[in-house]
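I have a structure here, written as structure tokens, and I will follow up with some questions on it.
Below, chains carry the letters A, B, ... as their sequence lines are ordered, and counting in each starts from 1.
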Amino acid sequence: MADYHFQEIEKKWQKHWKETELYKVNNDYDRPKYYIMDMFPYPSGAGLHVGHPLGYIASDIVARFKRLKGFNVLHPMGFDSFGLPAEQYAIQTGQHPATTTENNINRYKEQLKSLGFSYDWTREVRTSDPKFYKWTQWIFQLIYNSWYNNDSDKAEPIESLIERLETNGNAEINASCDEDTPTISSEDWKNFDEKEKQLFLLKYRLTYQANTTVNWCPALGTVLSNDEVKDGFSERGGYPVIKKTMPQWSMRITAYADRLLSGLEKIDWPEAIKETQRNWIGKSFGAEIDFPIEDSEKKISVFTTRIDTIFGVTFMVLAPESELVSQLTTSEHHEEVNTYVETAKNRSERERMTEVKNVSGVFTGSYAIHPFTKEKIPVWVADYVLAGYGTGAVMAVPSGDQRDFDFAKHFDLPITKINDAQQLTETEADPTKEGKIINSDFLNGLPPIEAMEKGIEEVEKRKLGKRKVNFKLRDAIFGRQRYWGEPIPIYYEDGIPKLVSLNQLPLELPKIDEYLPTEEGDPPLGRAKDWTHDRNLYELSTMPGWAGSSWYFFRYMDPDNDQEFCSKEALDYWKDVDFYIGGSEHATGHLLYSRFWTKFLYDREVIEVDEYAKKLVNQGMIQGRSSFAYRVNGENKYVSKGLKDQFDTTPIHVDVSLVRNDVLDIEGFKKFRPDAKDAEFMLEDDRFFCGSEIEKMSKSKFNVVNPDDLISKYGADTLRMYEMFLGPVEASKPWNTNGIEGVFKFLRKFWTLFHQDGNFSISDENPSNEELKVLHRVIQKVEDDVEKLSLNTSVSTFMIAVNELSSLKCNKRAILEPLAISLSPFAPHICEELWSLLGNNDSVVKADFPTYEEKYLQEDSFEYPVSVNGKMRVKLNFPVDAEKATIEQEVLANETIQKWLDGRQAKKVIVVPKKIVNVVV
RNA sequence: GCGGAUGUGGCGAAAUUGGUAGACGCACUAGACUUAGGAUCUAGCGCCGCGAGGCAUGGGGGUUCGAGUCCCUCCAUCCGCACCA
């Protein structure tokens, strides 16, 4: 028996690949480039589980395939090595995060290498490496030194802004800047002292510092971005999050809202991701209208998408955080309003969300004047209006908006019907866009859609407001009050932020004794000795997790360059990522921020592309499949799954390694749970069946399947193919090891086919047509499937081919050679071994992918099912080259068909090539 | 509520895009070889029916000679977003 010793084979080739640097890639201008990249992982302490490599395997198959097809393939890997878990661990143990991170990375690399990935490890990047974050800091500075010119619709150097301020002031400048930026003349600017100038410029810089309402997580001691907060809890750790106002570094991503939206049109990304990003950016069209306040110079600006409902406005509502609240509250309502605002402020996000259904609010005592009817309408404060969206105030149209309706009902405010199709009930508003407008002066009789346009025109004509596009997207908070991140390369001189000069980058993380905030409440960096620049204190917060990951794909092109973030030459050759694979959970985080930075770098002419990834695929999540044994309550007795309903039982998690095809290894279980050592087990059919449930893969649920175990049992080639065999790469599915034997058997059969009595055995005979057909079908299928990434059917095709060759007892060189090449992207080790046994000195990686030939795929004859009117079938044999007419004639001449037709005339005979024949009567 | 996706045997899934539904694998059943089998080989395996045959791609309807695939409608599940004016 010629055994398939996968352990030896895999170890041998992995060593060989490493020693010969087989996958090292250079800028080779003679060959077309192909850049395929995985989302780099955060190296957690738990190591990889079987879910992680799913995407890596797929990308490796494509990378290897493209290499065989003659592409110069860049297929790198790195580590997103700054992050909270390492810091939390450091707080607990005192161990420097760099040390734990280093250890984790080494473990990850070992695991990744054992899977036989063809990464060019010489290009590895780590975001926590000063050589890397030097350039993250450099980009930060470039963003800081830029402003967004809405007229040219791009980021420009801050110098161009200064120039314009000096000559004309800012009246003519159309920029994305702070809302409260005053209009100044060139004289004003010239009269500013240095500090005033700097503070003024901060209102324009794309990285700016401002008092912002942030998501503050007290337990983590840091702010979090919107995408790091899920349902009012921190994504990492699940701690409560509250709103807090504090000075923060932010990035003006909102300047790019429109381009981030339109850019989606030209990239081949999953629709789900694009839709999520569109939703997050949240562009809506409408108008901003001013409602003057009665007996006052003040006014309330509101944004609305439904100007057609303007005559239905019966009250105004301000967000509790709105500045207008204090200005408009009359003295007799002061106390009530104050109490309400204070309560609203102190509520956590979580509380606010759970209380969505509770209507609450207070009257300010002020009245606004309806811009058209001049009627008095009361101004209220309520927390259903968000400070962060629009103007922080709304015109309430209770007949057309459910929230306004609920509020009006609760406080007994009037409700005006403004549409003849509106169906109002006691509890429901009707936001219909059908019907005709009524009770609305000049809008009467118009369908709402037309009334929207007319309304905006009228508003602009009467100078009551203007057409307005509004976005949900908020600027990105950039500071984190944590240690383990890139230091922000800024110091403060006389209260003014200043950039650390370029030649002093990287500004390296200082050593500190403890990874906690200082007693004064400053971030951990406050503990560092001499964290100063000429006695001026450096910024104490660090960059967020998304900083490094927003540009790392460019660094892979030229990872060791210490003069530039990436050389022009490398950028020119590699340009962008052809194929990016990673999880969909980054839709509104990494995948949005990285597009933002790319567009910025494009504006500043650092790179030549404004989208960095042409094609993106989201690999599915692999969930865990937990197994349970059912213990009878109050007894030391376990019952098999089918019997559990006869008893009062509690499910107990069983380590999945003790379960095979849902059958429990009872001896193993007794060791796993010592308290079950003497337990009684009630079996079904002499076996003990476990129940199962789909849960997240985690240690505590004993459902983690470790790739190392599977590799040592079946080998990396089997694991790679099995993960692909499970189903489409994009699909999420629970892990199930049950089918892996089938794939393993296939590889063993493939090996055995070319071995006899333990020796490699190959025949030099010419292959038969039948054998060639098997081969060429595989080649064709792999070509098609890799392009479409439907790798599961490729694995099936290989299995069928090996089964067929096996029954043909075909061990011919002419078959094995091309077969080994086409299988090598999937199972590189075994193919490399067979390739070298065939006498090749060079690696199979250097081979050319075989081309399939149609002539081998053709059949001599086809069995056509024939039906009459789609009913009844009989199979007839036709030669493959028979002309359509011949087939028709033969069909009609056939005795059985004649019997069916029973004298009727055939209207037509439909022939679908190689498929089916249908006679229509 | 809004948006996106998915629904095919006991299970994971195929289906050349409108043409023999369930390839391939797992599980299961029977048989062979074995002292033994969690090994190997052979055969069977959607459901109902002894059978001929009938029924089957979430449900209902439609287009078509022909529908898993196209159209309408309803249902279920999963994932985003969510007081966004």
Starting at the 5' end of RNA chain B and moving along, which residue's nearest nucleotide shows up first, A:Asp665 or A:Glu271?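 Final value for this comparison: A:Glu271.
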
Closest to the 5' end of RNA chain B, once A:Phe471 and A:Lys733 are matched to their nearest nucleotides, is A:Lys733

I'd like the P distance from B:rG1 over to B:rA13, given in whole Å.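 The same atom, P, in both gives a distance of 29 Å.
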
Report the distance from atom CD of A:Glu275 to atom C1' of B:rG80, rounded to the nearest whole Å.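 After rounding, the reported distance stands at 10 Å.
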
Among B:rC84, B:rG25, B:rC26, the nucleotide that comes nearest once only the side chain of A:Met799 is considered: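 Comparing B:rC84, B:rG25, B:rC26 against the side chain of A:Met799, the answer is B:rG25.
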
Distance, rounded to the nearest Å, where A:Glu585 contributes CD and B:rA5 contributes P: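 Atom-to-atom, A:Glu585 to B:rA5, this comes out as 19 Å.
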
May I have the distance from A:Trp280 (atom CH2) to B:rG3 (atom P), rounded to whole angstrom?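 About 19 Å, once rounded to whole Å.
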
It should be established whether A:Asn792 places a side-chain nitrogen or oxygen under 4.0 Å from OP1 or OP2 of nucleotide B:rG25.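 It does not, given that no N or O in the side chain of A:Asn792 lies less than 4.0 Å from OP1 or OP2 of B:rG25.
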
Separation of the C1' atoms in B:rA85 and B:rA76, to the nearest angstrom: 33 Å

C1' spacing across the pair B:rU69 / B:rU63, given as an integer number of angstrom: 14 Å

Any strand: nucleotide that pairs with B:rA36 via Watson-Crick or wobble, under 3.5 Å: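 When the pairing criteria are applied, nothing turns out to pair with B:rA36, so the answer is none.
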
B:rA27 pairs with which nucleotide, Watson-Crick or G-U wobble, both distances below 3.5 Å? none

Taking NZ from A:Lys283 and C1' from B:rG3, how many angstroms apart are they, rounded to a whole number?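 Rounded to the whole Å, the gap is 18 Å.
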
As a test of reading the structure: which of B:rC24, B:rC83, B:rA15 is closest to the side chain of A:Phe725, going by heavy atoms? B:rC24

Looking at the rings of A:Tyr722 and A:Trp735, which for Trp means the six-membered one, are their centres under 6.0 Å apart?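 Yes, the ring centres sit under 6.0 Å apart.
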
Pick the P atom in B:rG3 and in B:rG54, then give their distance to the nearest Å. 44 Å

Taking syn as within 90° of 0 and anti otherwise, name the glycosidic form of B:rG60.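 Nucleotide B:rG60 adopts anti.
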
Any chance the rings of A:Phe407 and A:Phe315 have centres within less than 6.0 Å?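 Yes, they do, as the ring centres are separated by less than 6.0 Å.
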
Which of these nucleotides, B:rA85, B:rG12, B:rA82, is closest to any side-chain atom of A:Leu726? B:rG12

Rounded interatomic separation in angstrom, taking CG from A:Leu386 and P from B:rC84: 7 Å

Paired with B:rC50: which nucleotide, if any, by Watson-Crick or G-U wobble criteria at under 3.5 Å for both distances? none

Taking atom P in both B:rG38 and B:rA30, compute the distance separating them and give it to the nearest angstrom.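 Roughly 14 Å separates the two P atoms.
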
Looking at A:Glu453 and A:Arg467, is there a salt bridge between them, counting it only when a charged N and a carboxylate O are closer than 4.0 Å? yes

Quick one: which of B:rC24, B:rC81, B:rC26 gets closest to the side chain of A:Ile800? B:rC24

Say you pick atom C1' in B:rC28 and the same atom in B:rC74; how far apart are they, in whole Å?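 About 37 Å, rounded to a whole number of Å.
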
In whole Å, what separates the C1' atom of B:rG25 from that of B:rG19?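 Taking atom C1' in both B:rG25 and B:rG19, they lie 27 Å apart.
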
So A:Asn279, base contact, sugar-phosphate only, or nothing? Heavy-atom distance under 4.0 Å. base

Output the single nucleotide from B:rA85, B:rG38, B:rC41 whose closest atom is nearest the side chain of A:Val394. B:rA85

With distance as the sole criterion, is a donor-acceptor pair present between the side chains of A:Tyr389 and A:Ser284 under 3.5 Å? yes

Taking only side-chain N and O atoms of A:Lys745, does any of them lie within less than 4.0 angstrom of OP1 or OP2 on B:rC26?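 Yes, within the criterion.
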
Residue A:Arg748, side-chain atoms from C-beta onward, closest of B:rA39, B:rA85, B:rG25: B:rA39

Would B:rU17 be called syn or anti here, given the cut-off of 90° from 0? syn

Could you tell me how far apart A:Met724 (CE) and B:rC24 (C1') are, to the nearest whole angstrom? 16 Å

From CD of A:Gln402 over to P of B:rA82, roughly how many Å is that when rounded to an integer? 20 Å

Ionic contact status for A:Glu428 with A:Lys409, cut-off 4.0 Å: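 A:Glu428 and A:Lys409: not salt-bridged.
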
Span that lies between the P atom of B:rU73 and that of B:rA5, in whole angstrom: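 B:rA5 and B:rU73 have their P atoms separated by 16 Å.
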
Within the distance-only criterion (no hydrogens, no angle test), does the side chain of A:Asp3 pair as donor or acceptor with the backbone N or O of A:His5 below 3.5 angstrom?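 Checking the backbone N and O of A:His5 against the side chain of A:Asp3, no donor-acceptor pair under 3.5 Å is found.
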
pair_partner(B:rC81), Watson-Crick or wobble, both distances < 3.5 Å, evaluates to B:rG1

Ignoring backbone atoms, establish whether A:Tyr722 has a side-chain N or O less than 4.0 Å from OP1 or OP2 of B:rG25. no

Establish, with yes or no, whether the OP1 or OP2 oxygen of B:rC81 is under 4.0 angstrom from a side-chain nitrogen or oxygen of A:Arg278. no

Scan side-chain atoms only and decide if A:Asn419 and A:Lys433 contain a donor-acceptor pair under the 3.5 Å cut-off.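 Not at all, the side chains of A:Asn419 and A:Lys433 share no donor-acceptor pair under 3.5 Å.
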
Quickly work out the A:Arg625 CZ to B:rC26 P distance and round it to whole Å. 17 Å

Applying a 4.0 Å non-hydrogen cut-off, can you work out what A:Asp404 is touching in the nucleic acid: base, sugar-phosphate, or nothing?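 Answer is nothing: A:Asp404 stays at 4.0 Å or more from every strand.
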
Given 3.5 Å as the limit, does a donor-acceptor pair link the side chain of A:Thr718 with the main chain of A:Val743, or not? no

Of the listed nucleotides (B:rA15, B:rA82, B:rA13), which one gets closest to any side-chain atom of A:Pro728? B:rA13

